[in-house]
There are 2 protein chains.
Amino acid sequence: MTHEIPTRDALIEAGIALLAEGGPEALTLRRAAARAGVSHAAPAHHFKGLRGLQTAIAIRAFARFNRAMETHRDAAADTPFDRLAGICDGYLAFVDGQLGLFHLMFTAADVDRDDPEFCVESDRAYSILRAGCAPFTGGADLVFEGAVWSAVHGYATLGFTQKRGQAGGENPPPFRDLLRLIVPS
Amino acid sequence: MTHEIPTRDALIEAGIALLAEGGPEALTLRRAAARAGVSHAAPAHHFKGLRGLQTAIAIRAFARFNRAMETHRDAAADTPFDRLAGICDGYLAFVDGQLGLFHLMFTAADVDRDDPEFCVESDRAYSILRAGCAPFTGGADLVFEGAVWSAVHGYATLGFTQKRGQAGGENPPPFRDLLRLIVPS
DNA sequence: GGCCGAAACTTGACACTGTCAAACAAACCC
DNA sequence: GGGTTTGTTTGACAGTGTCAAGTTTCGGCC
């Protein structure tokens, strides 16, 4: 992993680019191969198959996702609420900008979520959130963490980050307002 | 719609069955056609294409989803909290039992969410939730509704209904506990 | 009754997909 | 230098969605 195989890496980046341009449907072994300048069967060698490529992309996506949360958190004002809200902002900014990757990470059926590398990155995501919650609970509190995690994830997947929400034409409320409802005042 | 075309209906039901048995990957125009006992191109005639079939299935799924929420709500104790919690229970029970349909309704890329019939059913779902929220807010409150809707949707899509959650091996907290955090005490 | 037109299908083709087996090349080790 | 592993290509296969063109079937109308 530290010793990157050039073709393997090029295939992952090609896949990310395809995902960004054309959505989940656009990611194809053959297209990624063509874009990386290799033959159509090269991806099947480096990854076990389409599932393997998608898993590899999801792992890299999670790393960027974690970085987005940390960056926004560190840029926020130094209060527990602002830091937690910052994490959520990073979360939602990533979803807004990288919807294809987000879909792969959390909801695509064909990625191996038991892959050890995948688990490392996704566990790290949860631990970032958990650390952001700790000041409010004085330790691990599954209920509070679950509520924040569920709310931000639901907010994102329901499309509240876009202009038009699941409801009618009303503008969605900013997530910060929802968060205030959950955080003990 | 009231005048059901038999083949069209059979194709939808075949698709639902495929989805239940083999997940989203198993739903295929040709397989649905085979199961309905018609030729491989029959679906393309009744629906515009795969997208059309998936949209039709999603519409039917939403109707059942709405029924699940209403049933659970009506079976709950007659307090505002229990009725809202009942709606959420119906929501989560549907996800637990019909994961394939749920995926189609909310997250599948290839369904036409601007379809008028689809909008009718999905709006009805939101209005059920909204009615459940009203006793707490004394009217429409986008923030409160958004928080409940996001939380239950996130709880479901993060896999909290299964034994193993996104976190480590800990058991996920029951949704009722999360809800209590959001509802004004 | 007979016809006609539309609707419900079928048949056949096309391009595209993932996957696999076999071959080939290059590097590396002993 | 020979042999093995690794990276990569070529070619094939079954399966997919979609389209064009036929074929059946059925309902209404003269």
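All chains are named by letter (A, B, ...) in the order of the sequence lines, taking the proteins before the strands, and each is independently numbered beginning at 1.
In terms of heavy atoms, B/A32 sits closest to B/L18 at N-CD1, 3.5 Å. The heavy-atom pair separating A/F94 from A/A61 by the smallest distance is CZ-O, 3.7 Å.
Nucleotide C/dT17 holds its P atom 11 Å from the CG atom of A/L27, rounded to whole Å. In this structure, B/K48 places its NZ atom 14 Å from C1' of D/dC19, rounding to the nearest Å. A straight line from CD of B/E25 to C1' of C/dG18 spans 12 Å, rounded to a whole angstrom. Distance A/R51 CZ to C/dC20 P: 14 Å, rounded to the nearest Å. B/L18 places its CG atom 15 Å from the P atom of D/dG15, with the value rounded to the nearest Å.
Taking the centre of each ring, B/F62 and B/F118 come in below the 6.0 Å mark.
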Listing time: all N or O pairs from protein to nucleotides 5-8 of chain C that are below 3.5 Å?
{"unit_1": "C/dA8", "atom_1": "OP2", "unit_2": "B/H45", "atom_2": "NE2", "d": "3.4"}

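At a threshold of 4.0 angstrom between heavy atoms, the contacts of A/R8 with the nucleic acid are absent. Using a 4.0 Å heavy-atom cutoff across all strands shown, B/A44 reaches no nucleic acid atom at all. Using a 4.0 Å heavy-atom criterion, one finds that B/R31 contacts the sugar-phosphate atoms exclusively.
Closest to the side chain of A/A41, out of D/dT18, C/dG18, C/dC20, is C/dC20. Out of D/dT18, D/dT9, D/dG11, the shortest distance to the side chain of B/L50 is found at D/dT18. Set against C/dT19, C/dA13, D/dT10, the side chain of A/L29 has C/dT19 as its closest nucleotide.
Judged by distance alone, with hydrogens and angles left aside, B/R30 brings no side-chain donor or acceptor close enough to the base of D/dG15 to form a pair under 3.5 Å. Contact of B/H40 with D/dG15 (side chain to base): no donor-acceptor pair of N or O atoms is detected under 3.5 Å.
Here the OG atom belonging to A/S150 is positioned 7.0 Å from the CZ atom belonging to B/F175, to the nearest 0.5 angstrom. Note that the CG atom of B/L53 and the CG atom of B/D110 stand 10.5 Å from one another [nearest 0.5 Å].
Mapped onto DNA chain D by nearest heavy atom, A/V38 and B/G49 fall at different nucleotides, with A/V38 at the one closer to the 5' end.
Looking at B/R35 and B/E21, a side-chain N of the basic residue comes within less than 4.0 Å of a carboxylate O on the acidic one, giving a salt bridge. A salt bridge links B/R60 and B/D9; the closest N-O separation between the charged side-chain nitrogens and carboxylate oxygens is under 4.0 Å.
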